[in-house]
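To start, the structure under review is shown below, and the notes come after it.
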Amino acid sequence: MFQQLEPAPADPILGLTEAFKADTNPNKINLGVGIYKDAQGNTPIFSAVKKAEQKILQTETTKNYLPIPGAAEYAAAVQKLLFGADHPIVTGKRAATAHTPGGTGALRVAGDFLKKIQPNAQLHVSDPTWANHKGIFGDAGFTIKTYPYYDAATKSLNFDALIAALKNIPAGDIVLLHACCHNPTGVDPNAQQWQQIAEVIQAQQIFPIIDFAYQGFGNGLEEDTVGLKAIAAVVPEFIVASSYSKNFGLYNERVAAFTIVTEDASATQAAFSHVKTTIRRNYSNPPSHGGAIITTILNDPELTKEWRAELEAACQRIHQMRTSFVESLKAKGVTQDFSFITKQNGMFSFSGLTKEQVHTLRDKYAIYIVDSGRINVAGITPSNIDRLTQAIADIL
Ligand code: LMR
């Protein structure tokens, strides 16, 4: 069966991590995959997470299966983080949440579920988007279309083209939006623009899936819900795929959530019963540990405070690295204006480096960047920044 099989291409992001690991250059730099690194280049475990784990270790009494959607306490904690406890969607029981293995798991559950409910819908993603989006929804059976998003000339949002494209999407189609810290560009709509996007989506009767992987890495935990809240205010039905890999540093615990919102509690329960069938046939029920950590932190005011402070410190380090990166390029004699990097949100910078330049950086300097030119700013440290900016100055 497998004798004639050609190897599949390496994953554009995780394949880069494999290549980086195999590289023997002692000065290699990995700016590929979106993981946070501290000033020493480590990906630490948050102290709030460690404390929550100690609590869990002491109080856990069973390794019995979780229910298909995971623990109810986790679902409640997620909804509070997304909407706030007093939001009418929460108090009106219009949302139902399942703990999924990673944001990828949440997106795939959304894809499999929607394909059953709306088999003829097309799915529209931003141009560009996260490298895995097209694969996830393509494998779920959707025809994938793109809508304009980023203007490479101005290094900003192509808002007029985005709105014009949304107005051309037929009713019943699905649009995938990034709630904040757009991956890979780091360019987000502002509050007014989100309102307009929401109004067009509502008028067109398009169904939004909101990918929310970087809550807290833009303007703050509450501030980053501006897009989600704009959609929630006018669009009656949508799905949120929220990941806690980054903002709790729980990458290998695979902890995220699928949340469906409909017009009323009974429609939500009916829809969620189908979601549960999708999950049962996919991975049956989620792993427990990551969800337990998040629930423990968010239900403990002291741990919540500690976690927020740690997240805030991580964001500040990224902001600092953006500024240092731009200054260091200037100091190395680069005349091209890179100041746009300080305006981008989240972990990534869409550098404008071409695929050829990215490959030269990899082959000649052991600097690993995604082919699109996306740089993980969180991977820049005081000890690798000079080598990085010197290499970029050399190849420009
Ligand atoms: C990224 O974009 O680097 C992250 O979301 C990690 C991943 O799975 O690709």
Side-chain angles (χ1 to χ4, degrees), residues 45-103 105-106 109-110 210 212-213 215-216 221-222 224-225 228 232 239-262 265-266 268-269 271-273 275-280 282-308 310-311:
I45 301 174
F46 284 37
S47 71
V49 166
K50 271 285 180 210
K51 287 180 188 167
E53 285 184 306
Q54 274 155 9
K55 266 193 172 184
I56 293 163
L57 202 62
Q58 279 156 14
T59 54
E60 195 177 42
T61 54
T62 180
K63 295 286 183 189
N64 194 353
Y65 291 121
L66 288 181
I68 294 172
E73 298 80 9
Y74 173 74
V78 164
Q79 290 185 15
K80 204 168 139 190
L81 202 55
L82 291 177
F83 300 107
D86 300 330
H87 195 283
I89 283 179
V90 178
T91 53
K93 300 196 183 333
R94 286 178 51 210
T97 296
H99 170 178
T100 56
V109 168
I210 303 166
F212 205 178
Q215 185 175 1
L221 280 166
E222 280 77 29
D224 287 349
T225 65
L228 174 66
I239 285 171
V240 187
S242 52
S243 166
Y244 304 104
S245 296
K246 328 279 176 177
N247 52 12
F248 283 84
L250 289 171
Y251 308 91
N252 68 8
E253 297 297 350
R254 311 312 294 137
V255 58
F258 166 104
T259 298
I260 185 162
V261 174
T262 84
S266 75
T268 295
Q269 280 319 309
F272 201 55
S273 68
V275 173
K276 280 161 67 177
T277 307
T278 301
I279 291 173
R280 174 65 172 146
N282 193 323
Y283 55 87
S284 195
N285 48 71
S288 163
H289 192 63
I293 294 170
I294 290 173
T295 310
T296 305
I297 293 176
L298 294 181
N299 288 339
D300 179 322
E302 278 305 308
L303 287 182
T304 300
K305 206 169 136 202
E306 192 168 333
W307 162 66
R308 278 176 169 262
E310 290 180 280
L311 178 59

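Heavy atoms only: backbone and side chains are in, while hydrogens, waters and symmetry mates are out.
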Shortest non-hydrogen contact from [X] to [Y]?
{"X": "Ala85", "Y": "Thr91", "value": "O-CG2, 3.8 Å"}
{"X": "Pro286", "Y": "Pro67", "value": "CD-O, 3.6 Å"}
{"X": "Ile239", "Y": "Ala110", "value": "CG2-CB, 4.1 Å"}
{"X": "Asp224", "Y": "Gly216", "value": "OD2-N, 2.8 Å"}
{"X": "Ala106", "Y": "Ala257", "value": "CB-O, 3.5 Å"}
{"X": "Pro287", "Y": "Arg254", "value": "CG-O, 4.4 Å"}

Just wondering, do [Y] and [X] contact through their side chains at under 4.5 Å, heavy atoms?
{"X": "Gln215", "Y": "Leu82", "result": "yes"}
{"X": "Leu57", "Y": "Glu53", "result": "no"}
{"X": "Phe258", "Y": "His99", "result": "no"}
{"X": "Ile293", "Y": "Tyr244", "result": "no"}
{"X": "Val261", "Y": "Phe83", "result": "yes"}
{"X": "Val240", "Y": "Val78", "result": "no"}
{"X": "Trp307", "Y": "Leu221", "result": "yes"}

Let me confirm one number: the [atom1]-[atom2] distance from [X] to [Y], rounded to the nearest 0.5 Å.
{"X": "Ile89", "Y": "Leu228", "atom1": "CD1", "atom2": "CG", "answer": "7.5 Å"}
{"X": "Ile297", "Y": "Leu81", "atom1": "CD1", "atom2": "CG", "answer": "11.0 Å"}
{"X": "Glu306", "Y": "Glu302", "atom1": "CD", "atom2": "CD", "answer": "8.0 Å"}
{"X": "Asn282", "Y": "Ile68", "atom1": "CG", "atom2": "CD1", "answer": "11.5 Å"}
{"X": "Ser266", "Y": "Lys93", "atom1": "OG", "atom2": "NZ", "answer": "13.5 Å"}

Requested in this report: Apply side-chain contact (heavy atoms from CB on, under 4.5 Å) to the pair Phe272 and Thr262, showing each step before the final yes or no.
Outcome: CA-CA 10 Å; Phe272 201 55; Thr262 84; over 6 Å; no
Report summary line: From the list Val255, Ile45, Leu298, Leu311, side-chain contact (heavy atoms from CB on, under 4.5 Å) with Phe248 holds only for Leu298
Query raised in the report: Between Thr268 (side chain) and Arg94 (backbone), is there a donor-acceptor pair under 3.5 Å?
Result: yes
Query raised in the report: So, Thr277 side chain and Ser273 main chain: donor-acceptor pair closer than 3.5 Å or not?
Result: yes
Query raised in the report: For Tyr74 and Ile294, what are the C-alpha separation, side-chain angles and deciding distance, and is it a side-chain contact (heavy atoms from CB on, under 4.5 Å)?
Result: CA-CA 7 Å; Tyr74 173 74; Ile294 290 173; 4.1 Å; yes
Query raised in the report: Any luck finding a side-chain donor-acceptor pair between Glu310 and Ser47 under 3.5 Å?
Result: yes
Query - Candidates Lys51, Lys55, Lys305 - the one meeting side-chain hydrogen bond (donor to acceptor under 3.5 Å, both in side chains) with Asp300 - result: Lys55
Requested in this report: Begin with the C-alpha distance, continue with both residues' side-chain angles, and end with the deciding distance and a verdict on side-chain contact (heavy atoms from CB on, under 4.5 Å) for Tyr283 and Thr100.
Outcome: CA-CA 9 Å; Tyr283 55 87; Thr100 56; 3.5 Å; yes
